[in-house]
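Okay, structure first, notes after.
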2 protein chains.
Amino acid sequence: MKQQSPRQQNRPLKLHLTLAQGIGEDILKGTYPPGTLLPNEAEWGRRYGASRTAVREAIKTLVGKGLIGTRPKIGSRVEPRDRWNLLDRDVLAWHCAAMDKKTLLLSVQEARHILEPGIAALAARRRTPAQLNRIASALEGMRGAKSPGLEVEPDIQFHLSLIAAANNELLQPFGGMIEAALANIFEYTSVNHPRPSQAIALHENILKAVARGKPEAARRATEVLLDNTDRILAKGPVPGGRKT
Amino acid sequence: MKQQSPRQQNRPLKLHLTLAQGIGEDILKGTYPPGTLLPNEAEWGRRYGASRTAVREAIKTLVGKGLIGTRPKIGSRVEPRDRWNLLDRDVLAWHCAAMDKKTLLLSVQEARHILEPGIAALAARRRTPAQLNRIASALEGMRGAKSPGLEVEPDIQFHLSLIAAANNELLQPFGGMIEAALANIFEYTSVNHPRPSQAIALHENILKAVARGKPEAARRATEVLLDNTDRILAKGPVPGGRKT
DNA sequence: CAACGATTATTTGTATGATAATTGAACCAT
DNA sequence: ATGGTTCAATTATCATACAAATAATCGTTG
């Protein structure tokens with residue numbers, strides 16, 4: 001048999017990562033608003049039963065994400081929100097954990113409406129055959145999915161490969177946002193996707209336009225898909241809700 | 001009297017930051033392509049004359065930015081590019097240092113064309129009076145600038161406050177990109193801005209549309225401004241070039 | 001000889017303790 | 001009050017030791 005209970009995801013997570021996550025969530029949660037001072041290193045060590053070494057490494061991670069800054073004799077201060085790396089996978093995850101899901105998903109959709117149509121148009125002009133292939137096989141994955149849960153992963157792959165096909169590295173960081181969004185939309189709307197076949201058709205329209213090198217068609221097809229996602233979201237969470 | 005001579009660049013930069021910068025630049029420069037292994041911690045320590053502690057803190061910073069991942073017995077491996085936090089201020093700076101400026105600026109402009117019109121439209125719908133004020137005073141700053149160099153800072157402020165006025169936190173991380181872009185465009189095109197008065201007029205159009213709550217007008221005005229910037233960029237660098 | 005299991009070696013992870021550097025705050029002399 | 005000095009709190013750096021993870025090696029066995 002494998003691991004026992006399902007609450008232990010794979011590996012026990014290194015101590016400094018646990019600390020970074022704990023402190024990061026506190027910050028995103030608003031426990032320490034921007035401008036305020038965090039407890040000092042020794043104090044974090046006491047709270048988590050960790051050595052200063054581990055605490056400092058966690059803090060350096062958070063500094064790397066733009067959440068805090070440190071100065072001798074002062075301590076660690078929370079940076080203003082506009083310096084936060086909100087698109088970072090971890091930060092976004094902590095944000096999800098701390099924030100109302102619906103509000104967050106609406107923000108994500110708004111950003112997607114601004115970005116993805118333009119990205120699809122770019123992809124239609126610049127995608128390589130290999131990139132087109134990757135998009136197509138993601139779509140195949142969606143078709144092949146038996147349960148709605150298994151549809152999410154290929155869906156994510158579809159959008160990630162679309163972004164990759166835009167061939168502009170500065171747009172890649174948005175992949176993390178899309179990834180978090182799609183995973184959470186499923187969490188939120190659960191099994192009540194109206195008609196999976198419809199979603200697949202909408203994705204296929206994008207693929208076709210990108211394949212034929214029609215930027216404007218790709219843009220419009222993406223807008224249609226996003227509008228559809230908006231409608232699914234607007235229906236609100238599934239009545240039963242989800243446990244975890 | 002304020003600080004004295006400019007010979008001391010602010011502060012001697014902490015050791016772990018020097019390390020993070022050095023290693024980060026190496027990665028962005030392509031010395032260690034994605035998927036390859038970095039030298040181990042002891043080796044970095046030897047190269048920089050630093051303790052393992054300092055090296056490890058630098059590495060944790062880079063992990064935080066998504067550039068590398070670490071595993072015991074394996075070492076530090078460069079992550080695939082689509083996990084890099086390219087919008088992070090530091091990463092972007094290292095990227096600038098490593099890459100051809102023109103190519104980078106073209107990528108930035110492309111991203112701006114996708115993002116900023118939509119952002120301006122959002123801002124027209126949602127800006128608060130205070131946010132509108134901040135945009136207006138940035139424009140005033142541009143007007144008041146005596147030398148072209150002094151015009152850059154208010155220009156940056158104009159765009160940052162426009163992004164802020166969109167009131168979508170997920171769009172904020174792009175501020176760093178715009179910031180780096182505008183600073184470098186000045187570096188690149190130097191003093192040969194054709195007519196500052198024209199640039200100011202184009203910015204003013206955006207402000208007016210946002211003030212009047214006209215999303216589509218704001219979108220179009222932003223597109224016009226970006227097209228203008230494109231033209232300035234297309235002229236290429238100033239013949240004399242810049243020293244630094 | 002092939003496959004599998006234990007051993008080993010390498011690298012990162014964590015802990016401890018000490019010292020240096022930075023800088024706000026308190027203090028003191030004028 | 002003013003200006004400089006000292007003090008103290010906190011991060012920054014170092015050295016060392018040991019723990020944990022895991023790829024590679026080696027040896028056993030079927």
Side-chain angles (χ1 to χ4, degrees), chain A residues 1-3 8-24 26-27 32 35-79 90, chain B residues 1-4 7-24 26-27 32 35-79 90:
Chain A
M1 75 162 76
K2 38 171 56 175
Q3 305 312 315
Q8 180 137 324
Q9 324 88 320
N10 298 344
R11 339 178 181 106
L13 210 54
K14 306 290 177 198
L15 184 51
H16 65 268
L17 292 179
T18 309
L19 272 155
Q21 178 173 320
I23 302 175
D26 279 349
I27 294 175
Y32 306 100
T36 60
L37 278 162
L38 264 56
N40 66 29
E41 296 168 351
E43 171 61 19
W44 285 117
R46 249 170 274 130
R47 292 195 194 173
Y48 282 80
S51 70
R52 241 192 97 200
T53 311
V55 174
R56 282 183 61 78
E57 289 183 357
I59 286 183
K60 286 292 166 291
T61 302
L62 298 176
V63 171
K65 296 181 187 303
L67 294 184
I68 58 183
T70 61
R71 287 171 65 194
K73 158 75 184 181
I74 310 300
S76 302
R77 190 179 294 279
V78 179
E79 296 274 343
D90 299 321
Chain B
M1 176 176 306
K2 37 171 59 171
Q3 305 312 315
Q4 45 179 22
R7 55 190 241 276
Q8 180 137 325
Q9 323 94 311
N10 299 344
R11 329 155 192 132
L13 211 53
K14 306 292 178 199
L15 183 52
H16 65 268
L17 292 179
T18 309
L19 272 154
Q21 177 173 321
I23 302 174
D26 278 349
I27 294 175
Y32 306 100
T36 61
L37 279 163
L38 264 56
N40 65 28
E41 296 169 351
E43 171 62 19
W44 286 117
R46 249 171 274 129
R47 291 195 194 173
Y48 283 81
S51 72
R52 234 190 104 200
T53 309
V55 174
R56 281 183 60 78
E57 290 182 356
I59 286 183
K60 287 293 166 289
T61 302
L62 298 176
V63 171
K65 295 181 186 303
L67 294 183
I68 59 184
T70 61
R71 286 171 65 194
K73 160 73 185 181
I74 310 301
S76 302
R77 191 178 293 278
V78 180
E79 295 275 342
D90 299 321

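What you see is a predicted model, and the numbers here were worked out from it, not measured in a lab.
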For this session: Would you mind reading off the distance between L17(A) atom CG and dA21(D) atom P, rounded to a whole angstrom?
Result: 13 Å
Exercise. For E57(B) and dT12(C), what is the distance between atoms CD and P respectively, to the nearest whole Å?
Worked result: 16 Å
Exercise. Under 3.5 Å, is there a donor-acceptor pair between the side chain of K65(B) and the main chain of G64(A)?
Worked result: yes
For this session: Give the nucleotide from the list dT12(C), dA18(C), dT14(C) with an atom nearest to the side chain of S76(B).
Result: dT12(C)
Seminar exercise, completed: Rounded to whole Å, the CZ-P distance (R77(A) to dT23(C)) equals 13 Å
For this session: May I have the distance from R56(A) (atom CZ) to dG13(C) (atom P), rounded to whole angstrom?
Result: 16 Å
Exercise. Which whole-number value in Å describes the distance from N40(A) CG to dA12(D) P?
Worked result: 12 Å
Problem set entry | Inter-residue atom distance W44(B).CH2 - I23(B).CD1, 0.5 Å rounding | 4.5 Å
Problem set entry | Minimum-distance nucleotide to A54(A) side chain [options: dT13(D), dT10(D), dA15(C)] | dA15(C)
Problem set entry | Donor-acceptor under 3.5 Å (R77(B) side chain, G35(B) main chain) | yes
For this session: Tell me which nucleotide among dC14(D), dT10(D), dG13(C) gets nearest to the side chain of T70(B).
Result: dG13(C)
For this session: Could you check L15(A) against K73(A) and say which one's nearest nucleotide on DNA chain C is further toward the 5' end?
Result: L15(A)
Exercise. Between H16(B) (NE2) and dC14(D) (P), how many Å, whole number?
Worked result: 11 Å
Exercise. Would you say dT11(D) has OP1 or OP2 under 4.0 Å from some side-chain N or O of K60(A)?
Worked result: no
Problem set entry | Selection from dT12(C), dT16(C), dA23(D) that lies nearest to any side-chain heavy atom of I74(B) | dA23(D)
Exercise. Below 4.0 angstrom from OP1 or OP2 of dA23(D), is there any side-chain N or O of R71(B)?
Worked result: yes
For this session: Dump the intermediate steps for side-chain contact (heavy atoms from CB on, under 4.5 Å) on L17(B) and Q21(B), then the final yes or no.
Result: CA-CA 6 Å; L17(B) 292 179; Q21(B) 177 173 321; over 6 Å; no
Exercise. Which whole-number value in Å describes the distance from E41(B) CD to dT14(C) P?
Worked result: 11 Å
Exercise. Atom CD1 of I68(A) and atom P of dT10(D): how far apart are they, to the nearest Å?
Worked result: 15 Å
Problem set entry | Most 5' of T53(A) and R52(B) on DNA chain C, judged by nearest nucleotide | R52(B)
Problem set entry | Under-4.0 Å salt bridge between K60(B) and E57(B) | no
